[in-house]
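This report concerns only the one structure given below.
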Amino acid sequence: MPEKNNSFSPLPPWPRTDYCGNLRATDAGREVALWGWVATRRDHGGLVFIDLRDREGIVQLVFNPAHDADAHLVASAARSEYYVAVKGAVVMRREGTVNAELPTGEIEIAVTAAEVLNPSNAPPFPIGGAENTAEEVRLKYRYLDLRRDGMQRNLRRRHQALRGARDYLDANGFIEIETPILFRATPEGARDYLVPSRVNPGKFYALPQSPQLLKQILMVGGFDRYYQIARCFRDEDLRANRQPEFSQIDIEMTGPRPEDIYAMAEGMMASIYKFALGVELARPFPRMPYAEAIERFGSDKPDLRFGLELKNLTAAFAGTAFKVFADVLARGEAIYALALPAECQLSRRELDELIESIKSRQGLGLAWVKINADGWQGPVAKFINDDERKRVVEAAGLHIGDTLLMVAGTPGKVCPLLGDVRLQLGTKFNLRDDAALKFLWVVDFPLFDYSDEEKRLVSVNHPFTAPNPADLALLDSRPLDARALAYDMVLNGQEMGGGSIRIHNAELQLKVFELLGIPRDEAAAKFGFLLDALGYGAPPHGGIAFGVDRIAMMVCGTDSLRDVMAFPKTQKAVDPMSGAPSEVDPRQLRELSIKVAL
RNA sequence: GGGGUCGUAGUUCAGCCCGGUUAGAACGCCGGCCUGUCACGUCGGAAGUCGUGGGUUCAAAUCCCAUCGGCCCCGCCA
């Protein structure tokens, strides 16, 4: 029998023949050799049972002292999460001892040799049990957390999703090219992660927020079709679906029309769902202009799994005597509403809370009326005359029992607000079809938005987005009305990806910079390499980028990015396992010519 | 930067409103017994900076203030 394992040989005592979780009745009679962790041990004093776990699942080992006394001793001494190697025969379980809960439940391993390759401290939380351990603890001992079924399944499904993407892109002539992680800081966009340059004291690299400029330059460089699973970095506050470090499937092609991008991206998404879940997606995905998405759903990423669309009641209230609405209309603003059906009843208290939450956010008011069989009820019902009621019923498609929630103000504020209320109500009344996969292209984004804070135009997408050629003339007169050749892919109310056709002409690019308030010299200093590149026969080009982590969340059916990343960070951007970020040796700082001022 | 919520054995929680024994339970852990279990059973045992600091009080896990940390959200994230 094996000599006592106190030498901790780095080599296993025998090769593995199978994964535990793969063994079946058809393997009965085979001699197998397994490695794995002790999931549970059931010690009967004589007989010992151990459930051995590896990445494929669990199989029951039986240690019979009459069969092999040494192996039985090893089993008696083994504890949870010991890593052990065993040899034995696959045998059918005897009548009445089959475990229908386990895929391997028809068989067991009659162990003839066993060795502990490495013992384990008592695990700080159960690996096999319920998943209700505090996330802080799970992240600190992530290597144990990763052994759990859920994480094993999620990361493997993520792998399959990426395989689906790569398979499709490769088959369609896209070339995978890596771009630098050490890049340069550029204005616009998120806060950069900076990396000091030792050999250039006082100068810094920035980690890329995305490979946007580099992929454009790859088009100028003649690669025609490029993709990359690119790591991106943004130093902004975290959310359940936002980590400082994340991955994109980054794609760029030469000469596409938006339709070409849609078809390619739909094909890729179909391949992802096929590889990850074996699901066939219905294509093509529907499309909706940005303006319509805002008007109907109050969002540029509408969740189409339920209705409850916004209703425009501006016309219905034209000429109203109700002063609040009349004032709003006099300013040329609008009135929008949600018509909550009879089966979704809000209590008076819930209505009051809704009004409060709206006031606290935008300073807007919410007026509600209930459409009862014997008339309208609510604080403002008496201000609405019969003519208006008739028009409102028609415009909002009201039925008896409905509750009408109305908000008045500028459409730019009212619609997003009602869009949020719509989502809240959708959750509250469980209106969503959970099984649905509602893909959607949101198209015709505006090119610019006006930033009240910065008192200037800002890009809705990014400064390299091409204007819709039909709207070129608007750039000088009414830039805010100009549409972009930009598009987002939305799934169930989540933005999965977005992209645009790019500007490939240096003059037009300079003009857009100018509209954004970036003077020529600054543009030359910060984007000179791009402008230069555009000057050398740059072909028209465009592309799209997808959030890998969000795709993984969707195919894994989880609400948290941390469930689909091996080593995520907490909301404070900390890694509880390694302790990053950490202080560094003063010598390192000196080398970098950095002084820390706290 | 702001709002909400949570923090008590290794883990998951109760206790906190309404201050007053030795701070409990389950799982896990340690030891004994056990040859068909699979959440094995059974007998016994160890295990706590009640996040931290301050305050009120004769007395604080419990009340007050501050602070740190986890999670959710707003701002922010082209």
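The structure presented is a predicted model; accordingly, all values stated were derived computationally and were not measured. The sequence lines fix the lettering, A, B, ..., with proteins before strands; numbering per chain opens at 1.
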Between [N] and [X], is there an OP1 or OP2 to side-chain N/O distance shorter than 4.0 Å?
{"X": "A:Arg562", "N": "B:C72", "value": "yes"}
{"X": "A:Thr570", "N": "B:G70", "value": "yes"}
{"X": "A:Arg239", "N": "B:C76", "value": "no"}
{"X": "A:Gln571", "N": "B:C72", "value": "yes"}
{"X": "A:Arg42", "N": "B:U37", "value": "no"}
{"X": "A:Lys572", "N": "B:G70", "value": "no"}

Over 12 foreign heavy atoms within 6.0 Å of CD, A:Glu106: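 12 or below, so no.
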Cation-aromatic face contact A:Arg422/A:Phe306, 6.0 Å, 45 degrees: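 Yes; both conditions hold, so A:Arg422 lies above the ring face of A:Phe306.
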RNA chain B contacts among residues 76-83 of chain A, heavy-atom distance under 4.0 Å: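 Residues of residues 76-83 of chain A that come under 4.0 Å of RNA chain B are, in numerical order, A:Arg79, A:Ser80.
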Pairs of donor and acceptor atoms involving the side chains of residues 505-515 of chain A, under 3.5 Å and at least two apart or interchain, shall be tabulated with distances.
{"unit_1": "A:Asn505", "atom_1": "OD1", "unit_2": "A:Glu507", "atom_2": "N", "d": "2.9"}
{"unit_1": "A:Asn505", "atom_1": "OD1", "unit_2": "A:Leu508", "atom_2": "N", "d": "2.7"}
{"unit_1": "A:Gln509", "atom_1": "NE2", "unit_2": "A:Pro463", "atom_2": "O", "d": "2.9"}
{"unit_1": "A:Lys511", "atom_1": "NZ", "unit_2": "A:Asp476", "atom_2": "OD1", "d": "2.7"}
{"unit_1": "A:Lys511", "atom_1": "NZ", "unit_2": "A:Asp476", "atom_2": "OD2", "d": "3.4"}

To the side chain of [X], which of [options] is closest?
{"X": "A:Ala134", "options": "B:U12, B:C76, B:C29", "result": "B:U12"}
{"X": "A:Arg242", "options": "B:C29, B:C76, B:C72", "result": "B:C76"}
{"X": "A:Leu47", "options": "B:C76, B:C40, B:G36", "result": "B:G36"}
{"X": "A:Pro126", "options": "B:G69, B:U11, B:U35", "result": "B:U11"}
{"X": "A:Thr97", "options": "B:C38, B:U12, B:C76", "result": "B:C38"}
{"X": "A:Asn64", "options": "B:U35, B:C40, B:G10", "result": "B:U35"}

Stacking check A:Phe49 vs B:U37 (5.5 Å / 30 deg):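 Stacked: centres under 5.5 Å apart, planes under 30°.
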A:His44-B:C40 aromatic stacking (under 5.5 Å, under 30°):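 So A:His44 counts as stacking on the base.
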Using a 4.0 Å heavy-atom cut-off, does [X] contact any base of the nucleic acid, only the sugar-phosphate backbone, or nothing at all?
{"X": "A:Asp449", "result": "nothing"}
{"X": "A:Gln209", "result": "sugar-phosphate"}
{"X": "A:Pro576", "result": "nothing"}

Residue whose nearest RNA chain B nucleotide is more 5′ - A:Phe125 or A:Glu135: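 Here A:Phe125 is the residue nearer the 5' end.
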Residue closer to the 5' end of RNA chain B, A:Lys569 versus A:His462 (nearest nucleotide):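 Result of the comparison: A:Lys569.
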Short side-chain donor-acceptor distance under 3.5 Å, A:Arg42 and A:Thr40: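 Yes, because at least one side-chain N or O of A:Thr40 sits under 3.5 Å from a partner of the opposite role on A:Arg42.
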Interatomic distance at C1', B:G4 relative to B:G10, whole Å: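 Taking atom C1' in both B:G4 and B:G10, they lie 30 Å apart.
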